[in-house]
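Following: one structure in structure tokens, then a few remarks.
To find a chain, count down the sequence lines: A is the first, B the second, and so on, and within it residues start at 1.
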Number of protein chains: 2
Amino acid sequence: MAHGGKPRPMKGIRQLAEHLDISIGTVSRALNGKPDVNEETRKRVLAAAEQLGYVANQSGRSLRQGTTNVIGLMIQSSRETVENSDNFFLTVTGGLQSVFSRHKLDLIMLPCPHDEDPYEYLKRMVARRIVDALIISETQRVDKRFDLLAKAKIPFAALGRSLSGAQHPWADLDFDGVVNCAVDRLVAHGHRRIAVSAPSSDINLGFIFVDGYRRALERHGIAYDPALVIRAKSSEQGGYQVADELLSLENGPTAVILIYELMAIGFYRRMMEAGIIPGRDIAVVSFREAPRAKFLQPALTCFRTSVHDLGVELAEILLSSMPAYSQEYPRKTRQTVWPLELIPGESDAFQLKTAK
Amino acid sequence: MAHGGKPRPMKGIRQLAEHLDISIGTVSRALNGKPDVNEETRKRVLAAAEQLGYVANQSGRSLRQGTTNVIGLMIQSSRETVENSDNFFLTVTGGLQSVFSRHKLDLIMLPCPHDEDPYEYLKRMVARRIVDALIISETQRVDKRFDLLAKAKIPFAALGRSLSGAQHPWADLDFDGVVNCAVDRLVAHGHRRIAVSAPSSDINLGFIFVDGYRRALERHGIAYDPALVIRAKSSEQGGYQVADELLSLENGPTAVILIYELMAIGFYRRMMEAGIIPGRDIAVVSFREAPRAKFLQPALTCFRTSVHDLGVELAEILLSSMPAYSQEYPRKTRQTVWPLELIPGESDAFQLKTAK
DNA sequence: CATAGTATCGTAAACGTTTACGGAGCGCGT
DNA sequence: ACGCGCTCCGTAAACGTTTACGATACTATG
């Protein structure tokens with residue numbers, strides 16, 4: 001009974017080596033595809049590993065070679081984001097993984113607790129060295145995390161641009177293009193008084209959106225009226241509130257651009273309550289289509305994109321800035337403004353009769 | 001220039017020890033709150049660690065003490081799930097973390113790639129020993145993952161019950177209670193022909209829901225008619241399809257129970273197309289309220305619960321089965337059927353006139 | 001036969017921690 | 001003076017890998 005029986009407790013590479021009567025080093029080389037190993041012994045090793053269910057302990061490996069083969073995606077998931085975003089992150093995750101899995105990289109999500117400072121959380125995660133690279137999301141207009149990551153010299157990319165990260169890799173939806181397209185379209189239909197809804201300008205999106213709106217108006221020679229910019233939450237209630245505020249204006253708009261499709265639900269309702277019919281009395285265009293809005297009558301004009309493919313793009317941006325993969329993903333630029341496509345509906349499909 | 005200057009490159013505990021002229025062991029003990037260390041030196045160590053930004057390398061620590069202080073939440077995120085579930089997982093995650101963070105445990109999400117077998121993926125994750133414990137979700141009716149985890153002797157809990165996991169820890173929504181309550185309510189309003197929609201019976205939910213429906217009918221002495229069970233996807237299209245199939249029946253129902261609120265959108269639309277008004281001509285009750293359904297007219301009667309608190313419960317179930325925390329979370333039972341609350345609307349608020 | 005080269009493998013160090021163990025210093029009682 | 005206990009700290013082993021290096025056996029070449 002020298003080395004017979006079934007050594008069930010698979011503790012590590014050592015047991016595997018003993019079971020094969022091979023040195024531990026050779027086993028490691030065989031498993032990792034290193035050159036200095038006979039093809040036949042390699043087969044034996046792989047077969048035994050498969051049979052005994054051996055998989056290398058990640059801690060040992062990471063400690064030795066200083067790499068984890070894991071990419072982290074940090075999400076803040078504030079209560080409001082969770083309520084309103086329609087699985088945006090899970091969809092992006094799908095795109096990211098479809099790229100990473102080709103390189104045997106695993107993606108993990110790092111959800112920052114609601115009661116912890118995102119900066120401190122990220123610092124901890126970086127220091128623990130549990131990931132080789134990081135993707136941060138929900139970027140703020142000024143975001144210290146960019147500096148942290150740059151200083152830590154860990155490869156990263158951002159889902160969402162930032163002033164702090166002007167020269168860093170990111171991918172972001174083309175908010176500017178959207179609002180430009182929307183304004184152009186509305187102006188072509190005869191509108192001059194166009195309202196816009198946006199979240200607080202602290203959030204980068206809130207700033208970019210309104211800034212683009214402003215420049216678009218300027219391009220058409222329309223004066224910018226601050227009263228037509230409504231700050232509201234990106235929710236159904238927010239849409240209701242936007243309608244409410246616009247109704248209270250003396251000189252109200254003939255068209256409105258909503259920043260999130262969900263808002264349209266509340267907006268429609270409030271307007272209908274007031275006897276104003278979207279698509280007939282007021283034009284509505286909304287950013288980012290979500291599957292839930294299809295029921296709206298009249299059909300909402302909005303913008304669509306493949307969030308999955310945005311994830312693919314972001315993954316490639318990240319890999320291009322990781323030394324081990326950069327030659328596989330050569331790039332001119334590491335900053336992508338992701339395009340969206342206009343889906344025409346009935347909510348703005350009328351020509352304004354009276355020129356104001 | 002013995003040990004002056006700023007030793008910026010913080011490589012590990014060794015540098016920290018040298019910088020303090022203290023042995024490496026003492027530094028470790030000081031940082032980890034072990035008893036055999038002078039309070040003053042402890043303060044010095046903590047201060048220096050803070051100043052130099054030292055955080056223990058996780059790989060080294062894990063390797064030594066065989067524990068990672070990380071809990072994994074595996075999600076499959078099939079394309080359909082991502083489309084339809086309204087951030088259910090992110091909400092649960094919030095509840096989980098609110099418990100875990102109290103014990104300095106970190107939660108990471110492990111999203112299984114779409115093209116990989118969930119069982120193999122889990123096997124890999126377990127073998128790599130990147131987590132101390134696991135939560136699996138989207139459990140199947142028979143789910144090999146339970147056996148895998150039990151055999152690997154890694155603590156785990158499931159979000160969703162399973163036949164395989166009958167004796168294992170889980171928390172799940174009370175589908176049975178929901179369908180019972182719905183049937184009781186509809187019967188009390190005079191309905192005898194009640195239809196139900198459910199996903200495929202492979203999915204555990206699909207089985208439980210219909211089984212509960214069947215027993216509830218039996219309790220009221222109503223014959224079970226298979227024609228009134230419609231298998232459909234939990235989406236808007238699915239709801240449209242359910243209405244369509246029900247309309248084609250010779251002897252149609254006077255009430256319907258939908259399994260997901262999103263379906264009500266399509267259901268309403270198809271019914272209105274046929275000139276049948278929900279809440280007047282047909283009663284509608286739906287499971288699980290989502291914020292998006294509030295606009296429906298007439299208001300949908302549905303069931304609500306705090307998904308966040310479900311996460312809290314699940315976290316406590318898991319901790320109670322981890323040796324290091326079990327005495328802190330004593331439990332009689334490790335299986336929770338999570339209750340939901342009825343939110344009465346107008347969609348079923350009428351008494352059926354003609355007794356059939 | 002001697003030598004060089006090649007293919008394959010074993011040995012041991014290293015990664016950064018934690019922790020069991022023992023030792024030094026000190027106070028105190030006998 | 002001696003022994004004992006206590007507090008605090010240093011030493012070194014161990015965790016499971018990977019990998020640089022050297023050793024061995026064999027083949028080919030002169």
Given DNA chain C, 5'-ward residue of the pair S23(A) and L31(B), judged by closest heavy atom: S23(A)

How many whole angstroms separate atom [atom1] of [X] from atom [atom2] of [N]?
X       : N       : atom1 : atom2 : answer
I130(A) : dT17(C) : CD1   : P     : 15 Å
I22(B)  : dG10(D) : CD1   : P     : 7 Å
N57(A)  : dT17(D) : CG    : C1'   : 8 Å
D21(A)  : dC9(C)  : CG    : P     : 13 Å
R61(B)  : dG16(C) : CZ    : C1'   : 11 Å
E39(A)  : dC9(C)  : CD    : P     : 10 Å
R14(B)  : dA12(D) : CZ    : P     : 12 Å
Q58(A)  : dG16(C) : CD    : C1'   : 15 Å

For S320(A) and R334(A), does a side-chain donor sit closer than 3.5 Å to a side-chain acceptor? yes

Please determine whether a side-chain nitrogen of the Lys or Arg among K43(A) and E40(A) lies less than 4.0 Å from a carboxylate oxygen of the Asp or Glu. no

Report yes if the distance between the aromatic ring centroids of Y54(A) and H19(A) is under 6.0 Å, otherwise no. no

[X] side chain vs [Y] backbone, donor-acceptor pair below 3.5 Å:
X       : Y       : value
Q335(A) : H168(A) : yes
S162(A) : Q140(A) : yes
Q58(B)  : T68(B)  : yes
D132(A) : I71(A)  : no

Can you figure out which of dT18(C), dT8(C), dT17(D) approaches the side chain of Y54(A) most closely? dT17(D)

Contact class for S59(A) (heavy atom, under 4.0 Å): base, sugar-phosphate, or nothing? nothing

Counting the atoms with a prime plus P, OP1 and OP2 as sugar-phosphate, which does S62(B) contact under 4.0 Å by heavy atoms, base, sugar-phosphate, or nothing? nothing

Under 4.0 Å protein heavy-atom contacts per nucleotide of nucleotides 19-28 of chain C, with B for base, S for backbone only and - for none: BB--------

